[in-house]
Asks: 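Shown below is the structure under consideration.
Along the sequence shown, the residues carry numbers beginning at 1.
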Amino acid sequence: MPEKDKNIPNVDPRRWKALIFIALAQLMVVLDATIVNIALPSAQADLGISDGNRQWVITAYALAFGGLLLFGGRVADLWGRRRTFVIGLIGFALASALGGAAGSSGMLLGARALQGVFGALLAPAALSLLAVTFTEARERAKAFGIFGAIAGGGGAVGLILGGVLTEYMDWRWTFFVNIPFAVVAATGALLVIREPAEGRNSSRLDVPGVLLATAGLVSLVYAFTRAESDGWSAAPTIGLFVAAAVLLLAFVIVESRVKAPLLPLRVVTDRNRGGVYASLGLAVIGMFGLFLFLTYYLQIVKGYTPVTTGLAFLPMIAGMITGSTQIGARLMTRVRPRLLMAPGFLLAAIAMLSLTRIDLDTSYPALILPSFLLLGLGMGTAFMPAMSLATHGVQARDAGVASAMVNTSQQVGGAIGTALLNTIAAGATTAYATAHAAGARSADVLKLQSMVHGYTAAIWWAAGILLLASAIAFVFVTTGRPGVGTPAASSADGADATEDVQVPVMAH
């Protein structure tokens, strides 16, 4: 925090208090992505959910959240970000209460879908509030350092909290725990958060764009879900991918022609923002692979309890916080963003590669612990400038939809990561079991060895994907460090480049 606010013109004196409540809301949304996973077996047994339907506890949320994010970002620009933020918090709390009180599988699935709907309002509103509240380079670096640490480490915190609540209380508390988060964040938002009035976008809502984007994104997320369960060559999977491609192509055509588009193409055609969206999406694919397979590995192969498994991820969280707040935030005003993002993703890939050496007798302190620390440092260092750069050079009225694109790339990346890496792991597991069945000493040992082989095969892919994220960040993110006269928007924005400097994000 700067010593003298008077040196920064037009600042909100309560902006640092506002950051507390924005970060709290973001933590709640990120937690929810993993906290329910730990509770799912208990909820399935309690409510009598079939094996075939249990995936819908996760999928119902993912479809609603991923499909409506762009709409949510545009609503934030239209209604105002604080109002959308508060509505999203209240709705998310009510949906969480409904899920915790669920007496049937239908009620639980409906609550998860509602959580996704209100999460799609809340997530882009939170990030865009941060973008328009912190515009001075050094303050922005600190604020986004905190936000990036939460975005990167919140999923691992969800594993810990989910394990504690499920093991010592009840699975329903993985839903109820959202209520105090939401109440505190909403109260704080009403009391301290302000936003510039000129940041509103009062243009008429692009209804065709909303319908095409929502249908296209839902089809895409669902296609990856079906690929995981039915296979990549199944007719429904292929049909959904084709439908997604057609709908999203139609969306791009419509957006290029309407007067007030849902997603102004200048937001995504900018070289730097496009590079951020692509590299973040790829990084999330790799991270989802790690959370998924290391959770199974620690519980099934190593025999850890849910709580112990969650605690095992703590070094990763510590690494992310350190990388984001102590490395990324301190260096962001001194070096180009790609010199943080590319090495960060590269360090995470190296940590992933070390985790391909796990076996039945792997020592947690000797191999897993240092790998988690390196992975956290790398991802925290990369996430921090990426979150800030995602709204680089956008007009204030586009901040909501630009923020929604960050969440969309992460959500779609998560769906791809779960389906792709699960499929790779399952195929490798089956192949190993078949090849070693004749010489196996024990069926149980063979089963565990096959599982570990599948996990390592998927982690190899995750490491390769993180290497690709590093390369994309280095090649496409070409903006300079703040304060050296770098244009606020690349030439890709064309005539809008000068106008886009209304929100000074990465340059003065």
Side-chain angles (χ1 to χ4, degrees), residues 30-46 49 51 54-55 57-58 153-174 177 228 286-318 351-352 354-373 375-376 414 417-419 421-426 428-430 432-433 442-462:
V30 177
L31 280 176
D32 204 70
T34 53
I35 193 171
V36 176
N37 291 11
I38 296 289
L40 185 54
S42 299
Q44 181 183 359
D46 196 11
I49 303 172
D51 288 343
R54 69 180 176 186
Q55 66 163 331
V57 177
I58 307 301
V157 176
L159 295 174
I160 298 171
L161 191 57
V164 171
L165 293 174
T166 302
E167 190 167 331
Y168 295 113
M169 298 180 72
D170 187 85
W171 67 267
R172 297 179 184 277
W173 281 96
T174 61
V177 73
E228 183 183 0
M287 287 297 289
F288 262 65
L290 181 88
F291 286 153
L292 183 66
F293 299 117
L294 265 296
T295 299
Y296 283 130
Y297 171 77
L298 292 173
Q299 289 196 36
I300 297 175
V301 178
K302 302 296 288 183
Y304 289 10
T305 65
V307 172
T308 306
T309 300
L311 292 175
F313 281 93
L314 270 179
M316 187 194 304
I317 299 172
M352 281 281 192
S354 71
L355 287 169
T356 61
R357 296 160 49 206
I358 59 171
D359 56 31
L360 298 187
D361 302 316
T362 296
S363 165
Y364 175 84
L367 177 66
I368 299 174
L369 173 61
S371 298
F372 275 3
L373 283 170
L375 187 70
T418 302
L421 297 175
N422 230 8
T423 303
I424 292 169
T429 298
T430 302
Y432 185 93
S442 164
D444 291 337
V445 172
L446 177 62
K447 181 180 178 180
L448 293 177
Q449 289 174 332
S450 301
M451 290 171 63
V452 171
H453 179 76
Y455 300 157
T456 55
I459 293 171
W460 271 107
W461 276 82

Asks: Show the numbers, then the answer: is there a side chain to side chain contact (heavy atoms under 4.5 Å, CB included) between I368 and L298?
Replies: CA-CA 10 Å; I368 299 174; L298 292 173; 4.2 Å; yes
Asks: Could you check if a side-chain atom of T429 sits within less than 4.5 angstrom of a side-chain atom of Y455, using non-hydrogen atoms only?
Replies: no
Asks: So, taking the atom named CG in L369 and the one named OG in S363, what distance separates them when rounded to the nearest 0.5 Å?
Replies: 9.0 Å
Asks: For the pair Y364 and F372, name the ring-plane relationship: parallel under 30°, tilted 30 to 60°, perpendicular over 60°.
Replies: perpendicular
Asks: Quick one: pull up CG in L165 and OG in S42 and give me the separation to the nearest 0.5 Å.
Replies: 11.5 Å
Asks: Identify, with sequence neighbours excluded, every residue that meets salt bridge (Lys or Arg N to Asp or Glu O under 4.0 Å) alongside D46.
Replies: R172
Asks: Apply side chain to side chain contact (heavy atoms under 4.5 Å, CB included) to residues L360 and V445 and explain how you reach the verdict.
Replies: CA-CA 9 Å; L360 298 187; V445 172; 4.2 Å; yes
Asks: Using 0.5 Å steps for rounding, measure from the OG1 atom of T456 to the CZ atom of R357.
Replies: 12.5 Å
Asks: First locate atom CG of L373, then atom CG of L314, and finally report the distance between them rounded to the nearest 0.5 Å.
Replies: 10.5 Å
Asks: Taking all heavy atoms of M352 and all of G286, pick out the closest pair and write down the distance.
Replies: CE-O, 3.0 Å
Asks: Where the side chain of D359 meets the backbone of T362, is there a donor-acceptor pair that is under 3.5 Å apart?
Replies: yes
Asks: Is it the case that over 12 heavy atoms from other parts of the model lie below 6.0 angstrom from the CH2 atom of W461?
Replies: no
Asks: Output all residues satisfying side-chain contact (heavy atoms from CB on, under 4.5 Å) with T356, sequence neighbours left out; order by chain, then residue number.
Replies: I459, W460
Asks: Is the count of non-hydrogen atoms from other residues, nucleotides or ligands lying under 6.0 Å from K302 atom NZ greater than 12?
Replies: yes
Asks: Shortest non-hydrogen contact from A458 to A425?
Replies: CB-CB, 4.1 Å
Asks: Looking at every heavy atom in both V177 and T174, which two are closest together, and how far apart are they?
Replies: CG1-O, 3.6 Å
Asks: Considering all heavy atoms of both residues, which atom of M316 and which atom of M287 are nearest to each other, and what is their separation?
Replies: SD-CE, 4.1 Å
Asks: Could I get the full list of ring-ring contact (aromatic ring centres under 6.0 Å, His included) partners for Y297, not counting sequence neighbours?
Replies: none
Asks: If you compare all heavy atoms of G454 against all heavy atoms of A428, which two are closest, and at what distance to 0.1 Å?
Replies: CA-CB, 3.9 Å
Asks: What's the separation between atom CG in L446 and atom OH in Y432, rounded to the nearest 0.5 Å?
Replies: 7.0 Å
